[in-house]
Q: 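Next up is a structure, given as structure tokens.
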Amino acid sequence: MSGGAAIGPNRPTPVSAAGIFDPVNGCIHYDTKLPFSIAGNQFLVRSDTADEGVAKTVAATIASQAIFQTYEKGLGITSLLQPGENTLPTAGGVHPFPIFIDPNLDPDLDGAFAHVCEHPSWGALVVSATINTQDELVATADHELFHAAQFALLGELTTPGPNWWYEATAVAAEAWFGSKSSTGYDNAVIHHPEKPMDAFSPGGLHPYGAYRFVQWLLGSAGKPSGAGWSFLRDSIEQVKALGPTAGVDAAIAGFNGSTLADDVGTFWADHTNPRPKFGATAPLESIAI
């Protein structure tokens with residue numbers, strides 16, 4: 001399956017043909033000349049005529065799942081719009097978040113959230129026009145818009161260091177809305193207990209598979225509780241201040257009084273059980289000492 005990511009220091013820029021997404025500069029062209037558009041509550045999807053069906057599906061998915069409202073309420077943010085985007089023309093009195101359907105997106109990506117080439121403080125989303133399953137379209141919208149929410153909370157489009165936590169939480173968000181796509185990343189973590197939970201390598205899937213650890217921390221594969229949302233908000237802000245691993249450790253201390261190291265250890269201990277809480281059993285052995 002293909003992945004999706006925020007483009008920036010978190011992920012190497014993919015290589016693809018020229019399109020709405022610019023692979024050289026890691027940005028999205030604000031293309032208002034695309035012939036088809038469909039507006040929703042707070043967003044506007046644009047595409048070529050040939051990709052009209054994908055645009056309609058993405059718009060319907062976002063609207064039916066109330067993704068914007070869920071993220072905004074949960075994280076306590078006013079809008080997914082990035083700094084300066086409130087100067088955009090309004091649709092129905094609301095400034096629309098720009099979403100584009102890109103037929104030339106790198107085949108290794110289903111979508112990407114990045115800054116607008118012409119307006120670096122703005123954020124936008126591209127979704128691949130070649131996605132051919134409903135579940136992948138749902139997962140892509142859920143994932144990339146969670147990146148938009150992360151950065152709307154922070155008020156900027158960059159974060160320090162290779163950010164495994166922002167990818168893990170964005171994949172966890174896919175499952176909140178019922179997508180099964182995230183399970184395709186399970187083996188990247190469950191089959192590699194020798195790797196640190198914060199392992200990050202260019203093009204690697206380990207940060208995506210770490211969504212199982214996010215679920216374990218929250219105690220649910222569904223939408224977070226109030227305390228869970230508060231933890232996620234705190235973790236995003238702590239990661240900005242301290243970096244991915246130290247920031248998550250600090251957020252965990254405030255959430256359950258534990259540490260990242262201890263919770264990772266307990267997570268792996270759970271995976272020696274015949275039925276772990278989240279994900280399959282791992283290749284670990286319990287040794288009596």
Side-chain angles (χ1 to χ4, degrees), residues 1-6 10-11 65 67 70-71 74-75 108-113 135-151 153 159 162-193 195-201 203-225 227-236 238-239 244-245 247-249 251-252 255-256 260 263-271 275-282:
M1 64 182 290
S2 300
N10 304 332
R11 184 182 177 95
Q65 295 181 338
I67 299 176
T70 298
Y71 293 164
L75 293 175
D108 287 336
L109 294 178
D110 283 344
F113 168 75
D135 195 60
E136 275 196 78
L137 279 175
V138 169
T140 301
D142 298 338
H143 183 115
E144 302 303 341
L145 286 172
F146 195 72
H147 282 316
Q150 290 166 336
F151 293 116
L153 173 61
T159 58
N163 206 322
W164 67 278
W165 182 249
Y166 283 10
E167 291 303 341
T169 51
V171 175
E174 299 174 18
W176 299 345
F177 299 94
S179 170
K180 304 299 182 184
S181 182
S182 57
T183 60
Y185 298 122
D186 283 7
N187 291 348
V189 164
I190 302 304
H191 284 186
H192 294 281
K195 289 187 177 181
M197 190 60 69
D198 61 353
F200 193 105
S201 59
L205 297 179
H206 195 275
Y208 298 86
Y211 85 98
R212 286 297 191 185
F213 179 60
V214 177
Q215 291 181 338
W216 186 86
L217 282 170
L218 296 174
S220 173
K223 292 177 184 175
S225 63
W229 277 116
S230 295
F231 164 66
L232 288 171
R233 178 186 173 102
D234 185 41
S235 72
I236 293 167
Q238 293 279 17
V239 164
T245 300
V248 173
D249 187 47
I252 287 175
F255 178 52
N256 62 16
L260 174 60
D263 279 352
V264 168
T266 310
F267 169 83
W268 283 120
D270 179 45
H271 284 274
R275 293 188 178 183
K277 289 182 180 179
F278 301 104
T281 55

Q: Do W176 and D142 touch side chain to side chain, with heavy atoms closer than 4.5 Å?
A: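 Contact flag for W176/D142 side chains = no.
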Q: Are the side chain of D270 and the backbone N or O of K277 linked by a donor-acceptor pair below 3.5 Å?
A: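 Side chain of D270 to backbone of K277: a pair is present.
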Q: Under 3.5 Å, is there a donor-acceptor pair between the side chain of Y208 and the main chain of A170?
A: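 Answer holds: no.
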Q: Within the 4.5 Å heavy-atom criterion, are R233 and L153 side-chain neighbours or not?
A: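 Yes. Closest side-chain heavy atoms under 4.5 Å.
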Q: Please check: side-chain N/O of Y185 versus main-chain N/O of H206, any donor-acceptor pairing under 3.5 Å?
A: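 Such a contact is absent between Y185 side chain and H206 backbone.
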Q: Anything under 30° is parallel, anything over 60° is perpendicular, the rest tilted; go ahead and classify F151 against F113.
A: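 Because their plane-to-plane angle is under 30°, the rings of F151 and F113 count as parallel.
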Q: Look up atom CD1 in I252 and atom CG in D263, then write down how far apart they are to the nearest 0.5 Å.
A: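 Reported to 0.5 Å precision, the distance equals 5.0 Å.
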Q: Is there a donor in the side chain of S179 and an acceptor in the side chain of E136, or the other way round, less than 3.5 Å apart?
A: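 No.
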Q: Under the criterion side chain to side chain contact (heavy atoms under 4.5 Å, CB included), I'd like the reasoning laid out for F213 against L260: C-alpha separation, chi angles, the key distance, then a yes or no.
A: CA-CA 10 Å; F213 179 60; L260 174 60; 3.6 Å; yes
Q: With sequence neighbours left out, write down each residue that passes salt bridge (charged side-chain N to carboxylate O under 4.0 Å, His left out) with D249, or none if nothing qualifies.
A: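 Checked D249 against salt bridge (charged side-chain N to carboxylate O under 4.0 Å, His left out); zero matches.
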Q: Y211 and A168: which non-hydrogen atoms are nearest, and at how many Å?
A: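 Scanning both residues, the minimum pair turns out to be CB-O, 3.3 Å.
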Q: When rounded to the nearest 0.5 angstrom, what distance separates CZ in R212 from CD1 in I190?
A: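 The CZ atom of R212 sits 7.0 Å away from the CD1 atom of I190.
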Q: What heavy-atom pair brings L205 and A188 nearest, and what distance separates the two atoms?
A: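 Reported closest heavy-atom pair: O-CB, 3.6 Å.
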Q: Mind listing the closest non-hydrogen atom pair of T70 and Q65 along with its distance?
A: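 So the two residues come closest at OG1-O, 3.8 Å.
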Q: Donor-acceptor pair, distance only, cut-off 3.5 Å: does the side chain of D198 make one with the backbone of T245?
A: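 A pair under 3.5 Å: no.
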Q: Rounded to the nearest 0.5 Å, what separation is found between the CH2 atom of W216 and the CZ atom of F267?
A: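 These two atoms lie 8.5 Å from each other.
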Q: Could you report the tightest heavy-atom contact between Y71 and F146, atom names first, then the distance?
A: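 Of all heavy-atom pairs spanning Y71 and F146, the closest is CE1-N, 3.4 Å.
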Q: State, to 0.1 Å, how close F200 and P207 come at their nearest heavy-atom pair, and which atoms those are.
A: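 Taking F200 first and P207 second, the nearest heavy atoms are CD1-CG, 3.4 Å.
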Q: If I compare all heavy atoms of L217 with all of W165, which pair ends up nearest, and what's the gap?
A: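 Result for this residue pair: CD1-CH2, 3.8 Å.
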Q: Sub-3.5 Å donor-acceptor pair from the side chain of Q215 to the main-chain atoms of A172, do we have one?
A: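 Not a single qualifying donor-acceptor pair exists.
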Q: Hey, could you give me the CG/CG distance between D234 and L75, rounded to the nearest 0.5 Å?
A: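 One gets 11.5 Å once the value is rounded to the nearest 0.5 Å.
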Q: Which distance, rounded to the nearest 0.5 Å, do you find between the OG1 of T169 and the CG of L232?
A: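 If we round to the nearest 0.5 Å, T169:OG1 and L232:CG are 7.0 Å apart.
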Q: Examine distances only and state if a side-chain atom of D135 and a backbone atom of S181 form a donor-acceptor pair shorter than 3.5 Å.
A: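 Pair found, side chain donor or acceptor close to backbone of S181.
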Q: Can you list the steps and then say if H143 with V171 is a side chain to side chain contact (heavy atoms under 4.5 Å, CB included)?
A: CA-CA 6 Å; H143 183 115; V171 175; 3.5 Å; yes
Q: Between NE2 of H147 and CG of L145, what distance do you get to the nearest 0.5 Å?
A: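 It comes to 10.5 Å.
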